[in-house]
Number of protein chains: 2
Amino acid sequence: MKTELSKTHLEAWRRYYPSFWRVYAAIEADLDAAKLPSLSWYDVLYQLYMAPERRLRMSELARSALLSRSGLTRLVDRLEKEGVLARKACPTDGRAQHAELTDKGVAVLRKIWPVYRAGIAKYFAAHLSEAEARQVATIFGRVFDAAECKE
Amino acid sequence: MKTELSKTHLEAWRRYYPSFWRVYAAIEADLDAAKLPSLSWYDVLYQLYMAPERRLRMSELARSALLSRSGLTRLVDRLEKEGVLARKACPTDGRAQHAELTDKGVAVLRKIWPVYRAGIAKYFAAHLSEAEARQVATIFGRVFDAAECKE
DNA sequence: GGGATATAGTTGCGTTTGCAACTAAAATCC
DNA sequence: GGATTTTAGTTGCAAACGCAACTATATCCC
């Protein structure tokens, strides 16, 4: 595994890293201003929305929503209390729980999305040409896949 | 301010956003495994290291280290307790405090950097050609600058 | 120059998160 | 098939952060 770092690559990181935080904070601020839940909610609900039967096991959800297992447990506690998802025991594995999106969850997702989309457009997409967007997708798709398995 | 979002741009976001979290988590994990302080420490110390006379006002530091003012106050509390920086009253403005990097702070910075650099190389740079790195720098420089002033 | 306003930093408090330890249910192994 | 190990999820606890309120100093404006 190579650990050298060219000046060019370092420069790329030095711009990429803080820009992410700014964009992220700006989008969160917009959601908050619209009295909507934060991106962590959206991430979980969206993963469920995409999943077959709108349900996932807790551990799968933790992985795809980029949270620790304990972090997810607490987040699902809050989401369940709000009624946007429900825990269901897994019929085939007594240890497992499924988190299942409710209709209310779908509705919440649909309320968040316009604001989220506008944030992505304003703080991110507005500064990329179509060609650049394609490149960014390619590059970070690669980065994402490589980071899947640790080390 | 445009808020439409092409499929291409959306796809770019959908790869960019989670890849950042994975890379970030992987680097933090490496730092933690090496019993080194986290990136938030590095960010603050590095900003001071780059600043004239290795010192910055709290509010400047908060902005450049991407933290809220209160968050910075607490972080500087911890850093000061570790002796890697020191608060100094500002001679020209009785309200202001300077955070000033100590020699120990420089030493800590130098201990963190090799691990951080290796993380950037492994999880990020290894997946970008030189040309792509230049483009990423250009693109996210633009994104960063635009996000400077809200709305 | 003195009262109103703005700015710098800190503090109280609540929220969110992760690690490590724990419980319970598979899966493995002899 | 019963003991051991692994896996799924939860819980105790502490760390880190942000918002709103607060204190102290500076600036503005008449």
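Chain letters run A, B, ... following the sequence lines, proteins first, then strands; residues in each count from 1. Side-chain atoms are counted along with the backbone in the values below, which use heavy atoms only and exclude waters and symmetry mates.
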Hey, are the side chains of A:E80 and A:R87 touching, using non-hydrogen atoms and a 4.5 Å cut-off?
yes

How many Å lie between CZ on B:R87 and P on D:dA24, as a whole number?
17 Å

Note: for A:S68 and A:T92 on DNA chain C, the residue whose nearest nucleotide lies more 5' is A:S68

Whole-Å distance between C:dT7 C1' and B:R69 CZ?
8 Å

Value in whole Å for how far the P atom of C:dT15 lies from CG of A:L79
15 Å

Using a distance-only test with no angle check, is there a side-chain donor-acceptor pair under 3.5 angstrom linking A:Y116 and B:W13?
yes

Using a distance-only test with no angle check, is there a side-chain donor-acceptor pair under 3.5 angstrom linking A:E132 and B:Q135?
no

Compare the minimum distances between each of C:dC19, C:dT11, C:dT17 and the side chain of A:S70, then state the nucleotide with the smallest one.
C:dC19

A:T73 has its side chain closest, among D:dA8, D:dT10, C:dT10, to D:dT10

Against the side chain of A:L67, the closest entry in C:dG18, C:dG9, D:dC17 is C:dG18

Partners passing ring-ring contact (aromatic ring centres under 6.0 Å, His included) against A:Y24 (at least two apart in sequence or in another chain):
A:F20, B:W21

Does the Lys NZ or Arg CZ of B:R22 fall within the cation-pi geometry relative to B:Y123 - under 6.0 Å from the ring centre and within 45° of the axis?
no

Run B:Y46 and B:W113 through side-chain contact (heavy atoms from CB on, under 4.5 Å) and show every step you take.
CA-CA 10 Å; B:Y46 182 73; B:W113 177 235; over 6 Å; no

Contact residues, residues 53-62 of chain B to DNA chain C [heavy atom, < 4.0 Å]
B:R57, B:M58, B:S59

Nearest to the side chain of A:D93 - C:dA26, C:dT7, C:dT11?
C:dA26

Rounding to an integer number of Å, can you tell me how far B:R63 CZ sits from C:dT7 P?
14 Å

Rounded distance in Å - CD (B:Q97) to C1' (D:dA26)
15 Å

Here the distance between atom C1' of D:dA15 and atom CG of B:L31, to the nearest Å, is 17 Å

Side chain of B:R74, base of C:dG9: donor and acceptor closer than 3.5 Å?
no

Please state how far atom CG in A:L72 lies from atom P in C:dC19, giving the value in whole angstrom units.
14 Å

Run the numbers on A:V143 and B:L128 for side-chain contact (heavy atoms from CB on, under 4.5 Å), then give the verdict.
CA-CA 8 Å; A:V143 169; B:L128 279 68; 4.0 Å; yes

Quick check: any donor-acceptor pair below 3.5 Å linking the side-chain of A:R95 to the base of D:dG9?
no

Rounded interatomic separation in angstrom, taking CG from B:L75 and C1' from C:dT11:
16 Å

